[in-house]
> 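One structure coming up, written as structure tokens, with questions to follow.
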Amino acid sequence: MTLLGRPREKLLEIAFDDLEKATGKQALDAKLIGDILHIAHTVIREMGLDGDVTARELYQALRVHEDILSKDTAYVGLVIGGEVVSFHPDDLALDTAESRRFEARSLDGFRRSLAEQIVIRYREWAAHPELLAPITKYIQMEKETKQ
């Protein structure tokens, strides 16, 4: 939920609980987090960084090594020190093109890709994936911006 930018959203928590029930409690959320961590740490090692990297250091390294990123990293993001870092190539390309700083980094591509990955994985395991449409639609909704 933190990676999606919706950490305290009770309805999203309920949606995930409903999805787990619909898939026979396969712990797909835990498996997805495991896959995200595996891919993220593989990229971190490929860049020559250690596991004690800060969010800002990781972000800067990813901008320098954008060529490591691909559609396989699009749904990958890490929370380090309370800050989310996107491994989505489009987010980093946009940040570079617009000369964005860490504080203004893009997370939109990553969050959309993560929501899509969640939906794909749950639909694959559901006995009746067509019944999941209202739940998965809610997960894919963009976080409402507060004015």
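If you're wondering where the values come from, they're calculated on a predicted model, not measured in any experiment. Sequence positions, counted from 1, serve as the residue numbers for this chain.
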> Treating R45 as the side-chain partner and D50 as the backbone partner, does any N or O pair qualify as donor plus acceptor under 3.5 Å?
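Pair absent, no side-chain N/O of R45 close to backbone of D50.
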> Please identify each residue that fulfils side-chain contact (heavy atoms from CB on, under 4.5 Å) with K71, with sequence neighbours left out.
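side-chain contact (heavy atoms from CB on, under 4.5 Å) list for K71, sorted by chain: empty.
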> Applying the side chain to side chain contact (heavy atoms under 4.5 Å, CB included) criterion to L3, which one of V84, L78, L32 satisfies it?
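Option passing the side chain to side chain contact (heavy atoms under 4.5 Å, CB included) with L3: V84.
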> Holding to side-chain contact (heavy atoms from CB on, under 4.5 Å), I want the full list of residues that pass it with D35, two or more places apart in sequence or in another chain.
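side-chain contact (heavy atoms from CB on, under 4.5 Å) check on D35 returns Y75, R121.
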> Could you work out, with salt bridge (charged side-chain N to carboxylate O under 4.0 Å, His left out) as the rule, every residue matching D90, not counting sequence neighbours?
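Listed in chain order: nothing, the list is empty.
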> Measure the shortest side-chain to side-chain distance between E66 and T96 over non-hydrogen atoms and say whether it is less than 4.5 angstrom.
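In short, these two side chains touch, coming nearer than 4.5 Å.
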> Would you find a donor on one side and an acceptor on the other, under 3.5 Å apart, between the side chain of D91 and the backbone of F110?
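Flag set: sc D91 to bb F110 pair under 3.5 Å.
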> Heavy atoms, side chains only, cut-off 4.5 Å: are V43 and V76 in contact?
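No. Closest side-chain heavy atoms not under 4.5 Å.
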> Any side-chain heavy atom of R56 within less than 4.5 Å of one from E103?
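Of all side-chain heavy-atom pairs linking E103 with R56, at least one is under 4.5 Å.
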> Within a strict 4.5 Å, meaning less than it, do heavy atoms of the Q117 and I36 side chains meet?
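With C-beta onward as the side chain, the pair stays apart.
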> For residues M1 and I120: do they belong to one hydrophobic cluster (side chain heavy atoms under 4.5 Å, members Ile, Leu, Val, Met, Phe, Trp, Tyr)?
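Per the 4.5 Å side-chain linkage, M1 and I120 are not co-clustered.
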> Any idea which heavy atoms bring S113 and A74 closest together, and the distance?
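Shortest heavy-atom separation between S113 and A74 comes out as CB-O, 3.4 Å.
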> Minimum heavy-atom separation for S106 and R100, please, with both atom names.
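Where S106 meets R100 most closely, the heavy atoms are CB-NH1, 3.4 Å.
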> Give the minimum heavy-atom separation between S86 and L62, together with the two atoms involved.
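Of all heavy-atom pairs spanning S86 and L62, the closest is O-CD1, 3.6 Å.
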> Is it possible for you to say whether V53 and L107 belong to one hydrophobic cluster, with membership spreading through side-chain heavy-atom contacts below 4.5 Å?
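Yes: a chain of side-chain contacts under 4.5 Å links V53 to L107.
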> Mind checking the CG-CZ spacing from L69 to R63? Nearest 0.5 Å is all I need.
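Going from CG on L69 over to CZ on R63, the span is 12.5 Å.
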> Count I, L, V, M, F, W, Y as connected when their side-chain heavy atoms are under 4.5 Å apart, and connections chain through other members. Are V64 and I68 then in the same cluster?
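No, V64 and I68 fall in different hydrophobic clusters.
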> Does the side chain of L114 reach to within under 4.5 Å of the side chain of H88, using non-hydrogen atoms?
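Sidechains of H88 and L114: no contact.
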> Which atoms form the tightest heavy-atom contact between A115 and L4, and what is the distance?
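Closest approach of A115 to L4: N-CD2, 4.0 Å.
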> Any heavy-atom pair between the side chains of I39 and F87 that's under 4.5 Å?
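Side-chain contact under 4.5 Å: no.
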> Report yes or no: do F16 and V119 belong to one cluster of Ile/Leu/Val/Met/Phe/Trp/Tyr joined by side chain heavy-atom distances under 4.5 Å?
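No, F16 does not connect to V119 through the hydrophobic network.
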> Relative to F102, does R105 satisfy both conditions: NZ or CZ under 6.0 angstrom from the six-membered ring centre, and within 45 degrees of the ring's axis?
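R105 over F102 ring: yes.
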